[in-house]
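A quick write-up on the structure given underneath.
Everything numeric here is computed off the predicted structure, so don't read it as measured data. This chain uses plain numbering: 1 for the first residue, then up along the sequence.
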Amino acid sequence: GWLRCSAGRAAPVHGWFGAAGSANLSGRVIPTVQKTIAARCPRMRGRRILVAVSGGADSVALAHVLHHLGYSLAFAHLNHGIRGRAADGDARFVANLAQKLGVPFYCAKEDVPAAAKASGESLEMAARRLRRQFLLNTARRHRFRYIAVGHNADDQAETVLMRIVRGTSVAGLAGIPYMVAQDGLFFVRPLRDCTRAQIVAYLKRNRQRWRLDATNADDFSQRNRVRNEILPLLEKRLNPAVRQAVLRLAGIAAAEDEV
């Protein structure tokens, strides 16, 4: 179930804070998001948005940018029951951010390891399923039609590369959609054209803290192996611009799939 949480005691923060980011990178985020919304998610303009905020860099930047652009927001946070005290700290951090920005905050806790064991799914798949259901339930309960999630351009490159390795269609090569409907609600991805480096630079420049999920550095999922090992190896040995090349391929596939 869900519950509305009040802000708790400030949690330790593992992200950067107070460093002056590259103006070149950080200055691109807001205009890029505005362009993405206008071109790819025009329906969300002027609407109330439920933002999925884990506390990580992507979701914190998404919340910060949408608030800056004047959207009426609420934050939704799911504690997956995987990281113990660190996960509790994430929830407190997001609650504090919501309080700072003056937006409602809704949170829930699930036992993802138990759910994965019961269903036979991987930890990653069970977490994704429960998180999506929590977001849909929260959006319905509080009358939001749009749910913003923080996928970025690097996530897109990783997804497309994983699909190439597994085998996929032209539609599959298009990767992560900017907007997708589910049960009368819409998941939107305003950061999808921003790189992870741009997002981190934006947060540093704006002196905005974020949480670091230690599991992102572990190889418990295929995505983490692609992120931490495969893509860096391809950049080093084959093509320093491999991410951009994969993104171009995805763009071509998406255009062809629309025809």
Side-chain angles (χ1 to χ4, degrees), residues 1-3 5 11-15 50-63 75-95 105-139 147-168 172 175-177 180 182-183 185 187 189 191-192 196 199 210-233 246:
W2 66 274
L3 63 155
C5 298
V13 179
H14 303 290
L50 181 68
V51 187
V53 185
S54 67
D58 298 334
S59 65
V60 170
L62 176 62
F75 295 169
H77 176 87
L78 183 65
N79 182 333
H80 295 88
I82 297 174
R83 297 170 49 241
R85 290 182 180 178
D88 295 336
D90 293 344
R92 288 194 298 270
F93 174 85
V94 179
F105 174 52
Y106 308 107
C107 65
K109 187 170 184 177
E110 295 280 1
D111 188 342
V112 170
K117 185 176 180 181
S119 66
E121 297 169 288
S122 69
L123 205 61
E124 186 179 17
M125 290 301 295
R128 184 179 303 156
R129 173 175 58 82
L130 292 173
R131 176 174 177 261
R132 179 169 286 257
Q133 197 56 57
F134 161 68
L135 292 171
L136 289 168
N137 290 343
T138 303
I147 303 166
V149 290
H151 296 99
N152 61 43
D154 290 80
D155 295 319
Q156 167 75 337
E158 293 158 8
T159 296
V160 173
L161 187 58
M162 286 190 292
R163 289 182 181 179
I164 291 171
V165 171
R166 293 172 183 161
T168 189
I176 304 169
V180 63
Q182 183 170 344
D183 301 334
L185 304 178
F187 284 90
R189 298 179 172 91
L191 291 182
R192 227 221 52 188
R196 192 166 290 125
I199 289 165
W210 72 90
R211 297 281 293 186
L212 180 65
D213 183 350
T215 61
N216 283 341
D218 298 334
D219 292 332
F220 80 95
S221 73
Q222 185 181 59
R223 179 175 295 277
N224 285 353
R225 287 194 293 273
V226 169
R227 176 178 300 172
N228 300 322
E229 296 180 16
I230 307 304
L231 271 170
L233 182 64
V246 173

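The pair Asp155-Arg196 meets the salt-bridge criterion, with a side-chain N (NZ, NE, NH1 or NH2) lying under 4.0 Å from an Asp/Glu carboxylate O.
Between Ala116 and Ser122, the shortest heavy-atom contact is CB-O, 4.0 Å. Annotation for Val226 and Met162: closest pair CG2-CG, 3.5 Å, computed over non-hydrogen atoms. Between Trp210 and Ala57, the shortest heavy-atom contact is CD1-N, 3.5 Å. In plain terms, the two heavy atoms of Val180 and Pro177 that are nearest each other are CB-CG, 4.2 Å. Summarising the geometry of Ala76 relative to Leu135, their closest heavy-atom pair is CB-CD2, 3.7 Å, with the distance given to 0.1 Å. Pairing each heavy atom of Leu185 with each of Ala139, the nearest pair is CD1-CB, 3.9 Å.
In summary, the side chains of Arg166 and Gln222 do present a donor paired with an acceptor at a separation below 3.5 Å, with no hydrogens or angles considered. For His151 and Arg189, the side-chain atoms include at least one donor-acceptor pair closer than 3.5 Å. Between the side chains of Asp90 and Asn79, no donor-acceptor pair is found at a separation under 3.5 Å. Under the 3.5 Å distance criterion, with hydrogens and angles disregarded, a donor-acceptor pair is assigned to the side chains of Arg223 and Thr159. Side-chain contact annotation: Ser119 with Glu121, donor-acceptor N/O pair under 3.5 Å present.
Taking CD of Gln133 as the start and CG of Asp183 as the end, the distance is 8.0 Å to the nearest 0.5 Å. The line from CD of Gln182 to CZ of Phe187 is 5.5 Å long, rounded to the nearest 0.5 Å. Note: Leu130 CG to His80 NE2 = 7.5 Å, rounded to the nearest 0.5 Å. Note: Cys107 SG to Phe134 CZ = 7.0 Å, rounded to the nearest 0.5 Å. One finds the CG atom of Asp154 at 11.5 Å from the CZ atom of Arg192 (value rounded to the nearest 0.5 Å). Between Ile199 atom CD1 and Leu62 atom CG the span is 8.5 Å, to the nearest 0.5 Å.
Remark: Arg132 engages no residue in a salt bridge (Lys or Arg N to Asp or Glu O under 4.0 Å) (not counting sequence neighbours).
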* Check against side-chain contact (heavy atoms from CB on, under 4.5 Å), Val149 and Arg131 -> CA-CA 11 Å; Val149 290; Arg131 176 174 177 261; 4.0 Å; yes
* Does the pair Asn152 and Gln156 meet the rule for a side chain to side chain donor-acceptor pair (under 3.5 Å), with working shown? -> CA-CA 6 Å; Asn152 61 43; Gln156 167 75 337; over 6 Å; no
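Put simply, the side chain of Ser59 never gets that close to the backbone of Gly150: no donor and acceptor are under 3.5 Å apart.
Contact annotation: the side chain of Lys109 approaches that of Asp88 to within less than 4.5 Å [non-hydrogen atoms, C-beta and beyond]. Two residues are said to be in side-chain contact when any heavy atoms from C-beta on lie closer than 4.5 Å; Ile147 and Leu136 meet this criterion. Residues Phe93 and Val60 meet the side-chain proximity criterion, which asks for heavy atoms closer than 4.5 Å.
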